[in-house]
Amino acid sequence: MDWGTLQVVLGGVNKHSTSIGKIWLTVLFIFRIMILVVAAERVWGDEQQDFVCNTLQPGCRNVCYDHFFPISHIRLWALQLIFVSTPALLVAMHVAYTRHEKKRRFRNGEKIDIEELKNQRLHIRGPLWWTYTSSIFFRIIFEAVFMYIFYYMYDGYQMPRLVKCDAWPCPNTVDCFVSRPTEKTTFTIFMLAVSGICMMLNLAELCYLVIKVCTKESGKAA
Amino acid sequence: MGEWSFLGDFLEKVHKHSTVVGKVWLTVLFIFRMLVLGTAAESSWGDEQSDFMCDTQQPGCENVCYDKAFPISHVRFWVLQIIFVSTPSLVYMGHAMHTVRMEEKRKMKEAEIEARENKNGGDTYYQQKCSVAEKETKLSGWDEAGGQIILRGSLLNTYVYSILIRTAMEVAFIVGQYVLYGIFLETLYICQRAPCPHPVNCYVSRPTEKNVFIVFMLAVAVLSLFLSLAELYHLGWKKAKERCSRSYKASPNTAPGRLESAPQADRAQMYTPPPDFNQCLSSPNGKFISPFSNKMASQQNTANFATERVHGQEDAAGEGPFIKSSYVESPEVASECAAPAFPENYFNEKRRLSKASRASSKARSDDLSV
């Protein structure tokens, strides 16, 4: 999976983020994407090959594996990371639109420094504030939804060592053994903890933005 | 190694703003840990489960025995170790970047004030600029000439804490590895776990090669630990030395609010004259703006200023890194700015030739001053 493209896109958004947003991005790249690519993919690499069932019945192993792992953890995490990063694209689009408008006004004759426009850091005010806040809100929603999906699909966050399967064509209840269950549990809990931290960071950022606007409003009123 | 680029990119920035020992530590991390892990160790552990053979036909027995023998694979353990050991540096980097941003904001404010004052006229310029400068002096941790962060105050504390946490993590992971696996891997592992019907002989794949890498990674971890401790010692010793020399050489002429730049011969890269006077005279964009209307005096001052910067500490003998030049204009304008700050001999006639008059004022960019 090529995460470099995502890094390029989110790197652009990083310039217009708050400090908490930058920390969130760092945590995302180092503790989630990097762990996923460097470690977790190897752990889950042989998950179907080494899924062993105590039966000689052909097809039973395949069916049992499919029954207990409808979607692999790795793919689910990849989806989670993509969904959680996507709201930042809203901010990127808004910034691009603002710049486009400024360029258009420049072409129509207004005096704007075109060089500065490219590198200018937009402050989070007005419509950009709304875009930014809604992107953080969606991020929080997506994180929570995926954490729930994990819990629902796998009955908790622990990987069982032994699963009992009686799906057809298995002739009777068959013992199937999962490969590397302890290591998988360790990484599942690690990724869960980091998701929790990211959610806390997003909540903190949301509070910070709301408080900032409220204090500004009360300052203006006073 | 491309997969490590996410972390690698962040650590490159840390590399730029570290002390010498810190840079050595980072190099050790990059080359002896990340690179070795990514290229050699990964392929050595590649077939760890597929070639883990147990002397049994019982389905599932191999799986459960492998899981019991290796709750977490060595490679993954080292990946987590590298990430956790690098994390404190990232926190320090965040703080440093925050400091830089504060510095940039300060410069922008000064530029704004200056622009405003230039419109309004020069009377209150000196006063306002100096008051802003005095307030912002303590924030200043950024050396413009060298583009380096000067380690002092809260930034130094963050750096020290990051090294302490790094050391603690290193120790925790070394101990953790010993607790989980001991030092060496045995070829034979005897396993008794359901559904294995009886104690079963299981054979680990490539034990000797794995042992070589285990010992290597352990040695590198211990080396990193020593480097961290050396860095702590280096920082602690320098700080203690500074404190001793500061209390010993306390000069009566040293003005209040100028503690940071008090004459200290061992501050290798500190080349600022008294910060408030410095802030008063130089503008954020580097142009020298003199409050005096005498062009010659201000030109003389520029020359003195540039040369004084480099070897300020050489004047620690007693005079302090003060700028002295002949000013034709009345000194009241200057003293109004920082009346309590300047000593009486500040505006004396004789121009003191700096020992550094031929030296380059280009800053050394490889080390941080503490």
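First the proteins, then the strands, lettered A, B, ... as listed; each starts at 1. Values below: all heavy atoms of this structure, side chains included; hydrogens, waters and symmetry mates excluded. Nothing here was measured: the structure is a model prediction, and the numbers come from that model.
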Nearest heavy-atom neighbours spanning Ala88(A) and Val13(A):
O-CG2, 3.5 Å
Between Ile163(B) and the options Val160(B), Ile165(B), Thr167(B), the side chain to side chain contact (heavy atoms under 4.5 Å, CB included) test singles out Thr167(B)
Side chain, backbone, both or neither: which part of Leu37(B) has a non-hydrogen atom closer than 4.5 Å to chain A?
neither
Please name the pair of heavy atoms, one in Val64(B) and one in Ala194(B), separated by the smallest distance, quoted to 0.1 Å.
CG2-O, 3.6 Å
List the residues meeting ring-ring contact (aromatic ring centres under 6.0 Å, His included) with Phe177(A), not counting sequence neighbours, and say none if there are none.
none
Distance-only donor-acceptor pairs under 3.5 Å across chain B and chain A:
unit_1, atom_1, unit_2, atom_2, d
Glu3(B), OE2, Arg42(A), NH2, 3.4
Glu42(B), OE1, Arg42(A), NH1, 3.0
Glu42(B), OE2, Arg42(A), NH1, 3.0
Glu48(B), OE2, Arg180(A), NH1, 3.1
Gln49(B), OE1, Arg180(A), NE, 3.4
Asn63(B), ND2, Asp50(A), O, 2.7
Asn63(B), ND2, Phe177(A), O, 3.1
Tyr66(B), OH, Arg180(A), NH1, 3.1
Asp67(B), OD1, Thr182(A), N, 3.0
Asp67(B), OD1, Thr182(A), OG1, 2.8
Asp67(B), OD2, Thr182(A), OG1, 2.8
Pro71(B), O, Glu183(A), N, 3.2
Ser73(B), N, Glu183(A), OE2, 3.1
Arg76(B), NE, Glu183(A), OE2, 2.8
Arg76(B), NH2, Glu183(A), OE2, 3.4

Evaluate whether the separation between SG of Cys64(A) and SG of Cys170(A) stays below 2.5 angstrom.
no
Counting only non-hydrogen atoms closer than 4.5 Å, does Phe52(B) touch chain A with its backbone (N, CA, C, O), its side chain (CB onward), both, or neither?
neither
Quick one, Glu209(B) with Leu185(B), criterion side chain to side chain contact (heavy atoms under 4.5 Å, CB included). Give me CA distance, side-chain angles, the key distance, then yes/no.
CA-CA 10 Å; Glu209(B) 195 173 353; Leu185(B) 271 182; over 6 Å; no
Leu180(B) side chain near Pro71(B) side chain, heavy-atom distance below 4.5 Å:
yes
When the 4.5 angstrom heavy-atom criterion is applied to Cys53(A) and chain B, the contacting part is backbone
